[in-house]
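Take a look at the structure below.
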Amino acid sequence: MWARKVLDRRELKVAFIVLLLAISVLSVILPRSLVWADTGQPAYAPNRSLSPTDIPSAPSPADRVVITLITEEKLGQLAPGVSYDFWTFNGTVPGPLIRLRVGQVVEMHIINPPNSTMTHSIDSHGILGQGGGGAYSQTAPGNESIFQFTAMNPGLFLYHCATPDIPTHIANGMYGLMLVEPQGGLPKVDDEFYVVQGEFYTTGPYGQQGFQTFSYQKAQAETPDYVVFNGRVGALTGNGTMRVKVGDSVRVFFGNAGPNLDSSLHIIGGIMDRAYVDGSLESSPLIDVQTVLVPAGSAAMVEFTAQTPGVLTLVDHSLFRMHQGAVATFTVTGPSNPAIILSNRNGTGPAPVTGTTNVTSETQTASSGTQSSTNSTVVMIENFAYNPADITVPVGTTVTWVNEDAVGHTVTEGDPNSPKPANLRVFDSSGEALTGKVALIGPGQSWSYTFTTAGTYEYYCIVHPYMIGQITVTPASASNSSQSAYVNLTNFTALESDSGIVALSAIGVVILAGLMIILAKPK
Ligand SMILES: [Cu+2]
């Protein structure tokens with residue numbers, strides 16, 4: 001009886017120790033996981049965008065390949081706070097890049113899961129035969145179709161679902177590109193990206209929060225609410241930017257799924273060295289091209305060289321579509337190239353900051369403290385927030401705001417709850433004091449201000465007054481804020497701060513000390 005009691009007490013002690021250990025570990029891990037949870041996609045609407053770098057390597061000219069596409073209907077994020085029921089190939093928009101060599105024999109499997117609501121199929125513009133394979137691949141939910149084709153012609157081809165109502169299936173996200181490389185393959189380049197434009201037609205207007213359903217009326221009227229690259233507003237900006245280095249040769253496989261609009265493919269700040277229009281890979285390319293027309297149902301392979309550091313912006317140059325999501329960025333890092341472009345804004349030679357699109361956080365990191373005597377710091381504007389929202393910089397620092405959103409914003413000194421008259425604002429990107437009008441920092445553009453007076457400055461966006469930020473300008477030159485300026489945080493900044501982590505770690509240490517006392521206690 002007595003021995004039994006001792007055992008109970010020992011078990012209790014073990015349980016207590018395990019509990020304390022768990023609490024001490026959680027006290028350190030939990031705040032970080034909160035940060036991650038907040039900076040990721042909302043749980044209710046997963047990200048269905050295919051990464052533009054998710055590209056298979058060039059195929060060996062094997063005789064026969066097997067390709068399996070699963071036609072999945074999946075809830076996903078169309079824009080921040082906007083969810084949509086996508087119809088997809090393999091769960092992403094666009095579907096995978098199918099990469100073949102001319103002459104290859106392909107065994108194509110279309111699998112439609114049992115929980116699908118619709119029959120699905122594939123029509124590839126690179127497949128010869130009825131329906132581009134559509135007549136061979138109509139697949140009801142819970143079934144699989146298999147057919148074989150030979151890749152007869154090289155080219156960059158659109159594929160899409162070919163089940164009636166076909167345009168509705170395309171408008172819901174069922175498309176991708178099939179690349180059939182010529183004999184001998186494509187020349188090697190440093191970077192390849194896969195971008196497909198498509199429209200979405202929703203019952204609510206652009207940006208209306210919550211779940212949105214497909215609007216057949218708007219699709220028939222050809223009035224999309226969203227025109228996006230890779231299935232989502234912001235898929236290829238901010239953290240999704242396409243990263244390249246100065247000097248890189250860059251190739252973009254660009255498709256336009258439509259289903260209605262033609263695209264005027266343009267790279268702001270870049271010139272296409274070669275453009276293979278309409279996906280025709282064996283024609284001589286156009287050289288030195290500004291804008292390529294990519295009709296709905298077609299594709300283009302374009303190549304350029306990244307010449308200068310900064311942000312290049314890929315758009316459909318029917319530019320109001322930027323306000324519907326049609327904007328992507330290349331972030332180019334590396335040494336500046338004053339022989340190509342330089343700024344004499346401060347009379348000090350090349351400055352990496354000014355103008356519209358030649359700023360990146362990376363070039364700023366590299367340049368601060370090394371290239372010039374003045375400090376510079378970048379604040380990103382993304383997802384309708386300044387990031388980081390609160391920074392501390394020494395006097396003399398030039399702060400550059402880079403707008404990665406698909407809409408325009410301002411950086412306006414003051415408190416949005418009691419705005420100052422325009423002529424009393426310490427700084428204001430809108431220029432309202434001079435012009436009487438509010439000019440916006442457009443998508444892909446940047447705006448800079450050099451702080452010459454110490455103090456604490458609040459600022460906000462005139463058109464989105466819930467966007468607020470703060471800058472503390474210190475008289476001393478020592479500040480490590482320019483390093484932390486690139487940490488991608490939003491609402492949980494305080495938890496991520498060193499003091500928060502230290503405090504929670506201290507709790508863990510106290511608990512561990514208690515544990516050791518318990519363990520050291522004589523029996
Ligand atoms: Cu379909």
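Computed over heavy atoms, backbone and side chain alike; hydrogens, waters and symmetry mates excluded. Values in this document were obtained by computation on a predicted structure and should not be read as measured data. Start at 1 and go down the list; that is how both ligands and their atoms are numbered.
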Tyr226 and ring pair (Phe, Tyr, Trp, His ring centres under 6.0 Å): which partner among Tyr201, Phe200, Tyr206? Tyr206
State, yes or no, whether a side-chain contact exists between Thr202 and Gln208 at a heavy-atom distance under 4.5 Å. no
Closer than 2.8 Å to the Cu ion (ligand 1), how many protein N/O/S atoms do you count? 4
For residues 292-302, which residue pairs qualify under salt bridge (Lys or Arg N to Asp or Glu O under 4.0 Å), counting only residues two or more places apart or in two chains? none
Non-hydrogen side-chain atoms of Thr92 and Arg48 separated by less than 4.5 Å: no
Name all pairs fulfilling the salt bridge (Lys or Arg N to Asp or Glu O under 4.0 Å) condition that reach into residues 92-113, sequence neighbours left out, sorted by first residue then second. Arg64-Glu107, Arg99-Glu181, Arg99-Glu192
So the salt bridge (Lys or Arg N to Asp or Glu O under 4.0 Å) pairs with at least one residue in residues 284-307 (sequence neighbours excluded) are Arg251-Glu303, Arg274-Glu303
